[in-house]
K.L.:
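Following this message is one structure expressed as structure tokens.
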Amino acid sequence: MRIGELARRTGVSTRALRYYEEQGLLRPERRSSGYRDYGDTAVSTVRHIRLLLSAGLGTAVIAEILPCVPDDTTVLAPTCPELLDGLAEERTRITAAIERLAAARDILDALIATGTAGQRPGGQEM
DNA sequence: CTTCTGACA
DNA sequence: TGTCAGTA
């Protein structure tokens, strides 16, 4: 199928589809016309990409994960052993990021609290 | 009518 | 990402 049909069948814009290819996530064949030619498995591959993307993974990481996923399966079925380690590392990074954000939020909470106090009688300015 | 590449008010 | 251009 050509890019237009894949776009309709996945709900993903042709722009994004070409972008995925640039990032090495999709490798469609090329027709003599120069048009991209996608196999039926591309539909599930795109779904996998969207899922991984929504999990917060970057295109570089996804590019490494995709070849470890059976083309048709609806759910991600880790076939490569090192894949799990990589995902665990991602999880660690995300956890660290959450902690940094929580710390930033605590600081903002403190700032907001003192600011609110300053707006009412008896409040202490910083 | 559809796709392609490159570019950006 | 959308979108416009100028083609094939």
Side-chain angles (χ1 to χ4, degrees):
Chain A
M1 74 186 95
R2 291 177 311 187
I3 197 170
E5 186 182 341
L6 181 59
R8 279 184 286 93
R9 291 173 57 176
T10 61
V12 175
S13 68
T14 59
R15 177 74 166 75
L17 255 19
R18 297 193 183 98
Y19 176 68
Y20 294 162
E21 184 179 350
E22 270 184 23
Q23 301 304 298
L25 274 34
L26 245 33
R27 358 217 30 134
E29 302 289 302
R30 287 286 181 155
R31 294 185 177 179
S32 56
S33 60
Y35 288 6
R36 271 164 267 249
D37 193 29
Y38 299 88
D40 304 302
T41 59
V43 176
S44 68
T45 300
V46 171
R47 292 198 179 112
H48 289 325
I49 292 174
R50 310 273 333 206
L51 175 67
L52 269 9
L53 241 24
S54 64
L57 300 179
T59 55
V61 177
I62 297 177
E64 298 182 342
I65 295 178
L66 286 180
C68 295
V69 181
D71 292 316
D72 55 324
T73 55
T74 298
V75 181
L76 202 52
T79 306
C80 304
E82 67 273 275
L83 171 59
L84 295 174
D85 297 322
L87 291 179
E89 285 179 26
E90 261 306 309
R91 211 203 100 97
T92 298
R93 290 172 197 151
I94 291 176
T95 299
I98 289 174
E99 291 174 345
R100 285 194 292 277
L101 285 172
R105 184 186 55 187
D106 288 345
I107 292 174
L108 292 177
D109 281 343
L111 257 24
I112 292 171
T114 57
T116 300
Q119 293 178 194
R120 62 170 183 274
Q124 295 298 303
E125 289 294 349
M126 277 187 123

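Quick note on labels: first sequence line is chain A, next is B, and so on, each numbered from 1. This is a predicted model, so every value here is computed, not measured.
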K.L.:
For the pair made of CD in A:Glu29 and P in B:dC4, what is the distance, rounded to whole Å?
P.N.:
14 Å
K.L.:
Under 4.0 Å between a side-chain N or O of A:Ser13 and OP1 or OP2 of C:dG2?
P.N.:
yes
K.L.:
Please report the distance, rounded to the nearest Å, between CZ in A:Arg36 and P in B:dT5.
P.N.:
4 Å
K.L.:
Mind calculating the distance between CZ (A:Arg50) and P (C:dT1) to the nearest angstrom?
P.N.:
7 Å
K.L.:
Give the dot-bracket string for DNA chain B, reading 5' to 3', where a pair is Watson-Crick or G-U wobble with both distances under 3.5 Å, ( ) marks pairs inside the strand, [ ] marks pairs crossing earlier ones, | marks a partner on another strand, and . marks unpaired.
P.N.:
.|.|||||.
K.L.:
Answer yes or no: is there a side-chain heavy-atom contact under 4.5 Å between A:Val12 and A:Ile49?
P.N.:
no
K.L.:
Knowing that exactly one of A:Arg15, A:Arg27, A:Arg30 qualifies, which makes a salt bridge (charged side-chain N to carboxylate O under 4.0 Å, His left out) with A:Glu21?
P.N.:
A:Arg30
K.L.:
Relative to the 5' end of DNA chain B, which residue comes earlier, A:Arg15 or A:Tyr35, by the nucleotide with the nearest heavy atom?
P.N.:
A:Tyr35
K.L.:
How long is the line joining CG of A:Leu26 and P of B:dT3, in whole Å?
P.N.:
15 Å
K.L.:
Quick one: are A:Asp40 and A:Met1 in side-chain contact, heavy atoms under 4.5 Å?
P.N.:
yes
K.L.:
Taking atom P of C:dA8 as reference, at what distance in whole Å does atom CD1 of A:Ile3 sit?
P.N.:
20 Å
K.L.:
Contact class for A:Arg31 (heavy atom, under 4.0 Å): base, sugar-phosphate, or nothing?
P.N.:
nothing
K.L.:
What is the distance, rounded to the nearest whole Å, between atom CZ of A:Arg18 and atom C1' of B:dG6?
P.N.:
11 Å
K.L.:
Starting at CZ of A:Arg30 and ending at P of B:dT2, how long is that distance when rounded to a whole Å?
P.N.:
19 Å
K.L.:
Taking the side chain as every heavy atom from C-beta outward, state whether A:Leu25 and A:Thr45 have any atom pair closer than 4.5 Å.
P.N.:
no
K.L.:
Are the side chains of A:Tyr38 and A:Thr10 in touch, meaning some heavy atoms are under 4.5 Å apart?
P.N.:
no
K.L.:
I need the CZ-P distance between A:Arg8 and B:dT2, as an integer number of Å.
P.N.:
9 Å
K.L.:
Under a 4.0 Å N-O cut-off, is there an ion pair linking A:Arg93 with A:Glu90?
P.N.:
yes
K.L.:
So do A:Ile65 and A:Leu87 actually touch side chain to side chain, heavy atoms under 4.5 Å?
P.N.:
yes
